[in-house]
Protein chains: 2
Amino acid sequence: MDIADVAKASGLKPSTLRYYEQKGLIRSAGRHGLRRYYDPSVLEKLALINLGRHVGLSLDEIGRMLLPQGVDIDRALLIAKTAELDKQIASMQAIRDGLHHAAHCPAPNHLACPTFQRLVKLAGKRLKPLTHKI
Amino acid sequence: MDIADVAKASGLKPSTLRYYEQKGLIRSAGRHGLRRYYDPSVLEKLALINLGRHVGLSLDEIGRMLLPQGVDIDRALLIAKTAELDKQIASMQAIRDGLHHAAHCPAPNHLACPTFQRLVKLAGKRLKPLTHKI
DNA sequence: CTACAACTTAAAGTCGACTTTAGGTCAAGC
DNA sequence: GCTTGACCTAAAGTCGACTTTAAGTTGTAG
């Protein structure tokens, strides 16, 4: 497949594919002259990268997780990530519940509502930044 | 309170406070000469901003939600955000379950595992980018 | 065989949320 | 009254993940 085919099949732009290659996330199978050509298995690797982005991994982290040979992931890192996701989900649920309450609470303003006050404190304390762009 | 007090109490840097002011998120109560001084209620507003960041709002969105007078939030936007959070949570749970399975699946590599394959497709299709940095 | 669409590279630009820097002002303690 | 540390502003820098641009090369349809 040439780069345009991979782009179409993956939904990524050619420039993104070159960028991923530069970062060491994918490799082309070779060149026809200057032009890259790819093995279709690159699509599986890209799907995996996409998945990683969705769970909040940076490209660098994904690079470390993707085993060099073949298309696979480090299981230990996967388990760690699962635990992290559990925490994130719990946080988001707490916030969701607080927002839901605040939106329906009859207090004159949200800061007058004790449930909302707990929520604000929760966000201030318990939640560490979910610093990612996915 | 002067800017250093607000910084200490909120955990934000003075530069961040000036930046938020520039964006119209907070206001100082006035100046002593050049120096800003703040009403303590700014801390509540900052807590609210912090909360907003945690649910994935941009500073601009937060600016639109914070009612100009006093410290409060637009309830309709709050409800909408609650619904959005519900979706995000559901997505994250699906991914979490998939990762959990993949990490413990006996298939030789994850791509050989049908559950993992479904997960990869899910991430590719159903999940729209959670494009935020918190 | 030629035209040209599609590829190539390196480098610079973008976006959001800040942080840092450079250069200047000033309230307060000695 | 003088020093100094904390404050001020405007502008530039940073980070991650790309995208865009500028300038050049080439496989391939006609």
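Predicted, not measured: the structure shown is a model, and the values here were computed from it. In the text below, chain A, chain B and the rest are named by the order of the sequence lines, each starting its count at 1.
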S.K.: Pick the nucleotide of DNA chain D nearest each of Gln22(B) and Pro14(B); which residue has the one closer to the 5' end?
M.R.: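 Counting from the 5' end, the first nearest nucleotide belongs to Pro14(B).
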S.K.: Please find the pair of heavy atoms, one from Leu85(A) and one from Ile95(B), that lie closest to each other, and give the distance.
M.R.: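 Taking every non-hydrogen atom into account, CD1-CG2, 4.1 Å.
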S.K.: Send over the distance from Glu21(B) CD to dT9(D) P, rounded to a whole Å.
M.R.: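 To the nearest whole Å, that distance equals 7 Å.
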S.K.: Below 4.0 angstrom from OP1 or OP2 of dT9(D), is there any side-chain N or O of Arg36(B)?
M.R.: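 For dT9(D), OP1 or OP2 has a side-chain N or O of Arg36(B) closer than 4.0 Å.
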S.K.: Can you tell me the distance, in whole Å, between the CG atom of Leu46(A) and the P atom of dC18(D)?
M.R.: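 Computing the Leu46(A):CG to dC18(D):P distance gives 11 Å.
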S.K.: Taking CG from Leu25(A) and C1' from dG16(D), how many angstroms apart are they, rounded to a whole number?
M.R.: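 Atom-to-atom, Leu25(A) to dG16(D), this comes out as 13 Å.
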S.K.: Take the protein atom OH of Tyr19(B) and the nucleotide atom P of dC15(C), then report the distance between them rounded to whole Å.
M.R.: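 Distance, rounded to whole Å: 13 Å.
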S.K.: Rounded to whole Å, please give me the gap between CD1 in Ile3(B) and C1' in dC26(C).
M.R.: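 It works out to 16 Å between those atoms.
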S.K.: Which whole-number value in Å describes the distance from Tyr38(B) OH to dA6(D) P?
M.R.: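 Checked: the OH to P distance equals 17 Å.
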S.K.: So, is Arg18(A) near the phosphate of dA17(D), with a side-chain N or O under 4.0 Å from OP1 or OP2?
M.R.: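 Checking Arg18(A) against dA17(D): no side-chain N or O falls below 4.0 Å of OP1 or OP2.
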S.K.: For Leu17(B) and dA17(C), what is the distance between atoms CG and P respectively, to the nearest whole Å?
M.R.: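 The distance from CG of Leu17(B) to P of dA17(C) comes to 16 Å, rounded to the nearest Å.
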S.K.: Within the structure, does a side-chain N or O atom of Thr16(B) lie under 4.0 Å from either OP1 or OP2 of dT19(C)?
M.R.: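 Yes, within the criterion.
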S.K.: Expressed in angstrom and rounded to an integer, what is the separation of Arg31(A) atom CZ from dA6(C) atom P?
M.R.: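 Between P of dA6(C) and CZ of Arg31(A): 19 Å.
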S.K.: Quick one: do Lys81(A) and Glu84(A) make a salt bridge, cutoff under 4.0 Å?
M.R.: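 Salt bridge: yes.
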S.K.: What contact category does Tyr20(B) fall into here, base, sugar-phosphate, or nothing, at under 4.0 angstrom with non-hydrogen atoms?
M.R.: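 Touches sugar-phosphate only.
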S.K.: Return the minimal non-hydrogen interatomic distance between Tyr38(B) and Arg27(B), and the atom names on each side.
M.R.: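 Scanning both residues, the minimum pair turns out to be CD2-O, 3.8 Å.
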S.K.: Enumerate the protein-to-nucleotides 25-28 of chain D contacts in which both atoms are nitrogen or oxygen and the separation is below 3.5 Å.
M.R.:
{"residue": "dT26(D)", "atom": "O2", "partner": "Arg35(A)", "partner atom": "NH2", "Å": "2.9"}

S.K.: When rounded to the nearest 0.5 angstrom, what distance separates OG1 in Thr16(B) from CD1 in Ile49(B)?
M.R.: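 Between Thr16(B) OG1 and Ile49(B) CD1, I get 11.0 Å after rounding to 0.5 Å.
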S.K.: Tell me which of Lys13(B) and Ser58(B) sits closer to the 5' end of DNA chain C, going by the nucleotide each one is nearest to.
M.R.: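 Counting from the 5' end, the first nearest nucleotide belongs to Ser58(B).
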S.K.: When rounded to the nearest 0.5 angstrom, what distance separates OG in Ser10(A) from CG in Leu17(A)?
M.R.: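 Atom-to-atom, Ser10(A):OG and Leu17(A):CG are 5.0 Å apart.
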S.K.: Counting just side-chain N and O atoms, does Ser15(A) come under 4.0 Å of either OP1 or OP2 of dT20(D)?
M.R.: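 The answer is no; no side-chain N or O of Ser15(A) sits under 4.0 Å from OP1 or OP2.
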S.K.: Using the salt bridge (Lys or Arg N to Asp or Glu O under 4.0 Å) rule, collect all pairs that involve residues 4-23 of chain A, keeping only residues at least two apart or in two chains.
M.R.: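 Passing the test, one end in residues 4-23 of chain A: Glu21(A)-Arg36(A), Lys23(A)-Asp60(A).
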S.K.: For Arg35(B), is there an ion pair with Asp2(B) - N to carboxylate O distance below 4.0 angstrom?
M.R.: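 So Asp2(B) does not pair with Arg35(B) through a salt bridge.
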